[in-house]
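Structure, as structure tokens:
Worth saying up front: this structure is predicted, and the values here are computed from it rather than measured. Every chain is numbered from 1 and lettered A, B, ... according to where its sequence line falls, protein lines coming before strand lines. Side-chain atoms are counted along with the backbone in the values below, which use heavy atoms only and exclude waters and symmetry mates.
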Amino acid sequence: MVALCIANSNMAFLLERLQQYGDVHGPVRGDDGVVRFAALTPGVLPDLSAVRTLLSPKKYLLHPLETILTYTELSGYQVPLEEPRHLILFGLHPCDLAGISYLDRIFLGDDPDPLYATRRSALTLIGVTCSPDEFCSCQISPSPLEAASDMFLSSVDDGFAVTSTSSRGAELLAGVKELLVERDGDLPEDTRFFFGRATSIQERPDPDPALPEWQEYAEHCLGCGACSLCCPTCSCFDVLEFGALDGGSAERVRRWDNCLFKSHAQVAGGMSFRKNRAERFRYRYHHKYRGFGPLQGIPACVGCGRCRVACPTGLDLRPLAEQLEGGGS
Amino acid sequence: MRKLRLAIAGLTACSGCQLSLLNCEDELPALMAQFEFHFFPLACSPAVLEGEYDAAIVEGCLSMPHEKELLHELRKRSRYLIALGTCAAWGGVTALRNGEDRELMRQQVYGQSPVAVETFDPLPLGSLVLVDAAVTGCPPEKEELLKLLAGLTQGALPVENDYPVCTECRMRENLCLLTERDMLCLGPLTLGGCHARCPTLSASCEGCRGPVPEANVKEYLALCAKTGRDEEAVLGRLHRFWPGWVL
Amino acid sequence: MNNSLPLPATVLAIRSLSVDTSLITLRTESNHPVSAAFLPGQFLELSLPGFGEVPISYCGLPSSDGAVELCIRHVGHVTTPLKDAHPGDVLAVRGPFGRGFPLSTYFGQALLLIAGGLGLAPLRSLLLALLKQRDSFGRIIVLYGARETGALLFADELLEMKKRGGIELQLAVDHHDQCLDGPPGCRVALLPALLDQLAVDPERTFASICGPPVVYPYLVSGLRQLGLGNVQIHLSLERRMKCGIGRCGHCAVGNRLCCIDGPVFSAEELAGIEGGFV
Amino acid sequence: MSNLRKLDMLTRVEGHGSVELIRDGERVVDARLNLFESPRLFEALLVGRRFDEIPDIACRICSICSTVHKVAALQGVEQALGISISRQTGLLRELAVQGGQIESHALHIFCLALPDYLGVSGFQELAASVPEKLQMGLRIKKLGNQIQAIVGGRAIHPFNLLVGGLARVPDTGQLRFLSEELAAASTDVAASIAYIFNLNEILPTLALVPSCAVSGGPSLFGDCLVTSVGTSIPVKQSARWLNERIEGHTHAKVSHFDETTPFMVGPLARLLLSMPAEHVHRFTDRSIKSALKARVVELQLAVRRAQELIEYLVTDGLKNEPLSAVGHVQGEGAALVEAPRGVLLHSYRFNDRGICRAANIVTPTAINQGAIAVSLKALIATMDGAGYAQVKRSAEMLVRCYDPCISCAVH
Ligand SMILES: Cc1cc2nc3c(=O)[nH]c(=O)nc-3n(C[C@H](O)[C@H](O)[C@H](O)COP(=O)(O)OP(=O)(O)OC[C@H]3O[C@@H](n4cnc5c(N)ncnc54)[C@H](O)[C@@H]3O)c2cc1C
Ligand code: SF4
Ligand code: SF4
Ligand code: SF4
């Protein structure tokens, strides 16, 4: 088979060329050693060897804190119009691609979320091969979620083989063609292999609340929120409204939330449907490995390993999941 | 439209919370359009309480008898009483040695000379009167103070946060000082809302906003112990803004 | 359809029902689904500008003129200031959301409506719908309990329905002393105790319940003793909700989302689920 | 409410105090400043804390002066523990302190003092009567805060300043921004000088007590105290020399020269001790009523000095530096810095585990109490026959000339 390849030495040119199609963001290692998705401006190259970024690319689609509605007495509630800026996310690992397809299922569809949909339609996804480390679990329990991208870079000696996987991808590929060389040889299998495979999980009884693990998690959890903030599929949000100083207008914001926080299931009068942290861990477990509502049966965990890396006390639901879910289907 | 009448008072404190208001240089005109700063001794004369107030915004903790009187008076006259800042909400830095011998402390400062000052261990406002809302921080964030005031113009009090500083720190994608730099960052135990001001500049959170609900002190201490920190020292550090920490 | 944007709704009338509860009638766009096409048990999201948005059950019947009745308990950040709403004030609504009571399944059946406190709000909507086609249903028994006499909502309305022979009614309050001047027939009893002396045809009866979550386990076991199966018992659940459309992640019950799979669930669906009846 | 009315608060100053008039029959014979601020016992609070906690706690003494308290505490701790800081750290700290100076002076001039001159109650009435002047003042004030926020991380209680250095060094872009703002502000500052010097006098000319300031002039830093009577006292001896005493009617200790002679610190004292040539002609009357003028002149000095500091920093090139190492854990040390209101001394002693065993903080308003008493006496003497209310008003305005900061004074 013939593959179109980009040499590592040509990467900067490729990025420069891509910039003609929109802002290009990718994993960048900061001075502090933290890898974050950030702008790949001329001179800033992506760190394609990094296993994971601190926050997942969901930050581009669902901002940590954003205004979802504005209110004025004259025009009532309005969705804030956002100029859709073309954004190319470069160097996404298959787990992050799967994470985006999970978010798509929640926020697109018949009744798409206006802000999400606007941003999503302006987004181009360029995936890249990765090599999982001991925190990754995509290889342990494959996900039914598709690792869908527009373009994909598969690692080959001193470069990447570039394939387009959508019409948008084909357009970009055509635009960067001169930078690519044809090479013979089969593409190596990559971690996309673990995604879009299992169709659905079988019905299982609810995890037993008496398992000692819940209490252990609860005792060690600092409630810092890191696990869900960096998770590519955690998308709980809180909604708040603030009146403005003019005494009449207001804005409504949504903010990333975490199911381990006290208020997550609290209702008026202080009553809570998940008073203790152990219950909340079961809730988290449910979401990550069983799925809710329309996504029932679709585990949300894409195996990126972020929560395990981020948790200051090293909490990890994975071993329990392997025990209860039987290592995937 | 009637302007809302405010009483802005300082008890035992550094005036930082009141100054935070005066530091809203850009917003002062808009604030003056909505509010009458009727009682505000720091910035306006004369200091006379008169009639009723839509809100009393009170800085500082209680540490002298006459402050209790003033607070009762403010409570009586005001629809809402708001604790502004960590001293008012939690006791703050002045409560650092609560529970120790006050006379001994007095002597450390004034020696044996008989200076007649009647003070007691600093207390937060809520220990004496009903507090309708609190904006914490030492000093409070301008943004939160302005949100409070904007809310008041529409009759709303702020909704409480329940997440720690870490949450906003991670949202900003900062390097974690606690786990990656072995610094004594109090982010996990401290109420969020400051957008992780300090860790964002690589300075440890010193806990200036008071405790977050459900703070897991035990686990935090265990984490510190793992890196060889002395529990006494960590607890000492925790007490900087709130004397009430318990295991 | 855009379910994310609240549409203006003008307060037509506000009437106090008890110390902490009011009936607010709003006028929205006429023939809009938010007022014209909902099922009893469904809810809408009501916005008070500057304060926020809360899920509120429909309390009346769909109408083509845009009128919506909501029964609101003033308990917190958004609902308390609604106490001071005045005719002419502009609020905002979006909906209808969720799955309501399965009216079509109820055809030809006897209905046992059990409400505790504010839980009467969605059941009033159901009751009005049943009475509109009174002949299509068997017995309609309403069991309604509240903390005290003053907290019984719509008592006059219920007594009137009873007088007209449309429904069988039992009222109860928790506290003895306040019951003295209660409406005729009001007993001092806890809600589940009202089931004790009840005789129903267990084959042909459905129960529809809405009330404080604490009584649910008792009501369900009481109904089971009457011979009702789990599929014949429908409960409306309350959960924290921030969007109403299955996104904010707060309201899951087991694997289901209260806002789209509920708020009305059958006891069958909730059986064995942690937190289902709590 | 009885006690409250008795409190009779002095307004438009930081903290809690009152001016009490002493009467003999109908005649007012004396006046004194009472500080009834709660003593928070900071010097005791600090005992038992580790050296690196000292500045974080000490800066909470006062918000208006928090940056300078922080810096004085840092330098005191560093003196005690043999920590030497880099030139960059020194420049940045001074920049922050100049920012504090700008903020504090602008606040005093345009919000706290100006109402006295225009006969209004406060900033709300200023907004109605002289809106552009208030706006101008607020612009300058905001710039002072921006400087403190960029260097210190926050306008009040700057957390970015640490023992041995900074948590994060601001970047060139931020400093350039400040530099541009400072350049733009010089017009406002010049206009402020013109405006303030043209205000009608509200107080009589009253003789001054001797002046005292830290040796460094407009840099606000220095290693000894200098006085208008020719003394020069190194920092090590200044605590003893400042000689704090406890006097009954105030919660703050009082300082006197040679046991008995009161002296004055603050903007006017600083200028009188190192007057820039261009301003000499403006301060010929040597009276406390010129304090406001001194402040507005200092505003200009601070703006210029801040620009200079930024120039040095940018020319040197900003770099992230590790915090300087601790020389020795045990030791004793003190530092002097000019706070907006005058000489500020922080001095500490640490044991062999770096734990604070003794703290001594001397603040400008505490020092100024003696001078204020002298001024009040002199004022009363010139107002013989005036009514109570009139004397009271003048006495309060006089006290405001010293811009007392009562939280600092009492701490
Ligand atoms: C399906 C459904 C139908 C409801 N129908 C009615 C009704 O007909 N009449 C009525 O008075 N109340 C009803 N409620 C409850 C009502 O939504 C809450 O009382 C209201 O959200 C409280 O908001 P608050 O801001 O006043 O209170 P706060 O306690 O200040 O609430 C803060 C936030 O918590 C959340 N929250 C608090 N309580 C609840 C709750 N019970 N349910 C969901 N979220 C909550 C909200 O997001 C709210 O914004 C219903 C709730 C649900 C889920
Ligand atoms: S990251 Fe760990 S400590 Fe933090 S909330 Fe998640 S589980 Fe708890
Ligand atoms: S640096 Fe501090 S606030 Fe930030 S995540 Fe770490 S512990 Fe939390
Ligand atoms: S990070 Fe901590 S110390 Fe800093 S402002 Fe926030 S709460 Fe205060």
Open item on the list: For A/Thr118, give me all partners under side-chain hydrogen bond (donor to acceptor under 3.5 Å, both in side chains), at least two apart in sequence or on another chain.
Closed with: none
Report which part of [X] has an atom under 4.5 Å of a heavy atom belonging to chain B: side chain, backbone, both, or neither.
{"X": "A/Leu229", "answer": "side chain"}
{"X": "A/Glu219", "answer": "backbone"}
{"X": "A/Asp238", "answer": "neither"}
{"X": "A/Ala218", "answer": "backbone"}
{"X": "A/Val35", "answer": "backbone"}

Is the shortest side-chain N to carboxylate O distance from [X] to [Y] below 4.0 Å?
{"X": "A/Lys262", "Y": "B/Glu214", "result": "no"}
{"X": "A/Glu66", "Y": "A/Arg254", "result": "yes"}
{"X": "A/Lys275", "Y": "A/Glu279", "result": "no"}

Distance only, no hydrogens: is a donor on one side chain within 3.5 Å (strictly under) of an acceptor on the other, for [X] and [Y]?
{"X": "A/Ser263", "Y": "B/Asp162", "answer": "yes"}
{"X": "B/Tyr163", "Y": "A/Arg255", "answer": "yes"}
{"X": "A/Ser249", "Y": "A/Asp246", "answer": "yes"}

Open item on the list: Tell me every residue that passes side-chain contact (heavy atoms from CB on, under 4.5 Å) with B/Val159, counting only those two or more places apart in sequence or in another chain.
Closed with: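 With neighbours one apart ignored, the set is A/Leu240, C/His77.
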Open item on the list: Just to verify, what does A/Lys59 make a side-chain contact (heavy atoms from CB on, under 4.5 Å) with, not counting sequence neighbours?
Closed with: A/Arg36, A/Phe37, A/Leu55, A/Trp256, B/Glu173
TODO: Please list, in residue-number order, every residue in residues 188-201 of chain B that has a heavy atom less than 4.5 Å from any heavy atom of chain A; write 'none' if there are none.
DONE: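 Checking residues 188-201 of chain B against chain A gives B/Pro188, B/His195.
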Most contacts with chain A, counted as non-hydrogen pairs under 4.5 angstrom, among [options]:
{"options": "B/Glu168, B/Met171, B/Lys226", "answer": "B/Met171"}
{"options": "B/Leu175, B/Thr179, B/Val212", "answer": "B/Leu175"}
{"options": "B/Pro164, B/Ala156, B/Pro158", "answer": "B/Pro164"}

Task: Winner by heavy-atom pair count (cut-off under 4.5 Å) against chain B, out of A/Pro64, A/Gly248, A/Gly30, A/Gly247 - done: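 Highest number of heavy-atom pairs under 4.5 Å: A/Gly247.
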TODO: Assess the pair A/Tyr116 and A/Tyr60: is the distance between their ring centroids shorter than 6.0 Å?
DONE: no
TODO: Measure from the ring center of A/His264 to the ring center of A/Tyr283 and say whether it is less than 6.0 Å.
DONE: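 Yes - the distance between ring centres of A/His264 and A/Tyr283 falls below the 6.0 Å cut-off.
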Task: chain A contact via B/Leu223 - side chain, backbone, both or neither, heavy atoms under 4.5 Å - done: side chain
